[in-house]
Amino acid sequence: MPVHNSEIASIFDHVADLLEVQDANRFRVRAYRNAAATIRDQSRAIADRVEEGEDLSDLPDIGEDLAGKIAEIVRTGELPLLEDLSGEVPEAIVEATRIPGIGPKRARALFEALGLASLDELAEAAEAGRVADVDGFGDKTQARIRDALEEKDTGERRFRLDVAEDFAEPLVKWIRRIDGVDKAEIAGSYRRRKETVGDLDILAAGEDGGAIIDRFVDHDEVEEVISQGKTRSTVRLRSGLNVDLRVIPKASWGAAMHYFTGSRAHNIAGRRRAQDRDLKLNEYGLFDGETRVAGDTEEEVYDRIGLPWIAPVLREDRGEITAAEKGELPALVKLDDLKGDLHCHSDASDGKNTLREMAEAAQERGYDYLAITDHSKRQTQAGGLSEGDLDAQIESIAALNERFDGFRLLAGCEVDILEDGTLDFSDDLLDRLDLVVASVHSHFDLDEEDQTERILRAMENAHVHVIGHTTGRQIGQRKGIALDMERIVKSAADQGCALELNANPIRLDLSDVHCRMAADHGVKIALSTDAHSTGGLGNIRYGMDQARRGWLSADDILNTRGWSALSALLARR
DNA sequence: GCCGTTTTCGGCCCGACTGTTTTCAGTCG
């Protein structure tokens, strides 16, 4: 089994963790972390590149040494350096660094001073009051350790974007009404529209930071004030969501938005560019010595470091800076480009609304078409249609279309991909449909080889236009099925089969990296909601954000085409 | 350990807040 990129990245991250506890050169630690990030963001399998004899040191942050180590991992599945380090540093110390406020230095100091060997022993020591006896530690840190270990709070919890929105939007509106606040916006991964966010970063412009923050920490939903200064505060809401509020002067707005939108890696790259130009970039502005030369707007900041404005969704240090430099940033797809939705359900299967209601909702959104893709017969629990039911639905759709002007319901189906990769309906029946989406809804536990073959076989059926929610993952709830995505994408390209980007915020499947991989291979993406009600069509914006994070342009998306162009494309299968 | 308009050495992003100590290292974002 080839080694996955994520496995190589994890090994490097683990090495970095262990080196950090050993108090190794911090730039060496950073080198391992940077390399891990680079590897994680590659859309192609690193293992394949090694097999093909490619020079990995061409990749950013991978030099001769790390290229050699990657080759070794690909060959043997192991890295001797990691084995050595693991023998020298107790894993429990690394685990202890996940306690908020405890980093590598303090974790190691504690374990050495108290002769600890496990987190359980650390919990006992905190309970017995021995932590506060260690030099440099006091009662507060001891209480923090005790509480964190009691709650098993590793600080790792992430919130789905749509869930975070429910808390974030009312909160930022409330902050805007605080006296002295000129404006306030949410920055961070929320603004970059990541599928999950770890915390909310809210930026407010105002002069009297102390007073604004006093009001902020007084908000009803604040459960705990983690830190509170004159310009910055961190609180935990009752929901468990952490919120950072940062107050800056109005003149620094653009620089601060840039800074707090991140990502961290994108910021570091930006500050390096500033340095190269003998400037200094921080959240207050871009400075030439003591003089601020930019900072009002993000555009101005980018401009002065020689770049066009870069959309927040691209700010992940995945090549956007080089692309911006060369004037090769993608023309990102936008909501207005969409002409329809290619996956939704009616009350004929497990949807809530009738065909007519779904059609009217789609017209209200300004769409030219909507594909009705109810479940096939295998999906009994979801009211899957029998052959006869689908037959009747095709007729109903044809009758409805008679009444529409400039709009069309597409007769479709979300047909089940069975365990062996065959489909739940006959080719003859599928042949009568405008659009066929084929999806996996069962046997999630097959191994990677079988699962991949299963999808490949489904794609070989020329009646299949789109593979629905390809990995089947549900964010925070269910891992996706084991798939060799590169084989899937290559085959999709060969077959002319599209892959779906499912806009449901629980799915967002494909991921951003997979979107980009697909586009790089020329595979078209169906950007669809999988709506089960008229309201569900509104989820399209989450899928749009994900598509943009995947660098997709309108041409990469199937349903930016009008019906005649789309039907011509579909007929080519 | 990586990188290079100062290219094989000597740099490596920047600032706020906390806890513990009394001037700052560590941690975090």
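Below, read A as the first sequence line, B as the second, and so on, with proteins coming before strands; counting in each chain starts at 1. Keep in mind the model is a prediction, meaning the values are calculated, not measured.
At least one cation-pi condition fails for Arg246(A) and Phe260(A): the charged atom is not both under 6.0 angstrom from the six-membered ring centre and inside a 45 degree cone around its axis. Judged by the 6.0 Å distance and 45° axis criteria, Arg192(A) is not positioned over the aromatic ring of Tyr190(A).
Under the 4.5 Å side-chain criterion, counting only non-hydrogen atoms from C-beta, Thr261(A) is in contact with Glu298(A).
Residues satisfying the side-chain hydrogen bond (donor to acceptor under 3.5 Å, both in side chains) criterion with Tyr259(A), sequence neighbours excluded, are absent altogether.
The distance between atom CZ of Phe216(A) and atom C1' of dC17(B), rounded to the nearest whole Å, is 15 Å. Taking atom CD on Gln142(A) and atom P on dT18(B), their separation rounds to 20 Å, with Å as the unit. Per the geometry, CZ belonging to Phe260(A) stands 8 Å off C1' belonging to dG29(B), to the nearest Å. Between the C1' atom of dC14(B) and the CD1 atom of Ile268(A) lies a distance of 9 Å, rounded to the nearest Å. If you take CG of Asp65(A) and P of dC2(B), they are 5 Å apart, rounded to a whole angstrom. When rounded to the nearest whole Å, the span between CD of Glu72(A) and P of dG1(B) equals 13 Å. Here the C1' atom of nucleotide dC3(B) and the CG atom of Asp58(A) are 14 Å apart, to the nearest Å. dA16(B) atom P lies 12 Å from atom CD1 of Ile213(A), rounded to whole Å.
With Thr196(A) as the partner, the side chain to side chain contact (heavy atoms under 4.5 Å, CB included) test is satisfied by one option alone out of Val163(A), Leu508(A), Ile475(A): Ile475(A).
Comparing Arg272(A) and Asp199(A) along DNA chain B, the residue whose closest nucleotide (by nearest heavy atom) sits nearer the 5' end is Arg272(A). Nearer to the 5' terminus of DNA chain B, by closest-nucleotide assignment, is the contact made by Arg28(A) (compared with the other of Arg28(A) and Thr234(A)).
Distances were taken from every side-chain heavy atom of Lys105(A) (C-beta onward) to each of dT27(B), dG29(B), dC2(B); the shortest belongs to dT27(B). Which of dC12(B), dG1(B), dG15(B) sits closest to the side chain of Glu283(A) comes down to dG15(B). Set against dG29(B), dG26(B), dG1(B), the side chain of Phe27(A) has dG1(B) as its closest nucleotide. Closest to the Lys280(A) side chain, of the nucleotides dG29(B), dG1(B), dC14(B), is dC14(B).
If you take atom C1' in dC12(B) and the same atom in dG19(B), they sit 29 Å apart, rounded to whole Å. Across the P atoms, dG26(B) and dT21(B) are found 14 Å apart, a figure rounded to whole Å. With both ends at atom C1', the span from dC9(B) to dC14(B) equals 25 Å, rounded to whole Å. Taking the C1' atoms as reference points, dT27(B) lies 14 Å from dT20(B), given to the whole Å. The gap from the C1' atom of dT7(B) to that of dC2(B) amounts to 13 Å, rounded to the nearest Å. For the C1' atoms, the distance from dG10(B) to dT6(B) is 10 Å, rounded to whole Å. Straight-line distance between the P atoms of dG1(B) and dT5(B): roughly 23 Å, to the nearest whole Å.
Across all strands, Asp201(A) comes closer than 4.0 Å only to sugar-phosphate atoms, never to a base (heavy-atom distances). Looking at heavy-atom distances under 4.0 Å, Arg246(A) makes contact with sugar-phosphate atoms alone, never a base. Within the 4.0 angstrom heavy-atom criterion, only backbone atoms of the sugar-phosphate kind lie near Asp244(A); the bases stay farther away.
Dashed line: the shortest gap from a side-chain N or O of Ser227(A) to OP1 or OP2 of dA16(B) is not under 4.0 Å. Residue Lys230(A) has no polar side-chain atom (N or O) positioned under 4.0 Å from OP1 or OP2 of dC17(B). Phosphate proximity of dT20(B) to Thr141(A): present, with a side-chain N or O under 4.0 Å from OP1 or OP2. Between Tyr284(A) and dA16(B) there is a side-chain N or O to OP1 or OP2 distance below 4.0 Å. For the pair Gln228(A) and dT18(B), the criterion of a side-chain N or O lying under 4.0 Å from OP1 or OP2 is not met.
In this model, a side-chain donor or acceptor of Arg264(A) finds a partner on the base of dG29(B) within 3.5 Å.
For the residue pair Glu20(A)/Tyr32(A), the side-chain donor-acceptor check at 3.5 Å is not satisfied.
Remark: the backbone N or O of Ala184(A) is paired with a side-chain donor or acceptor of Arg176(A) at under 3.5 angstrom.
With a 3.5 Å ceiling on both atom-pair distances, the Watson-Crick or G-U wobble partner of dC3(B) is dG10(B).
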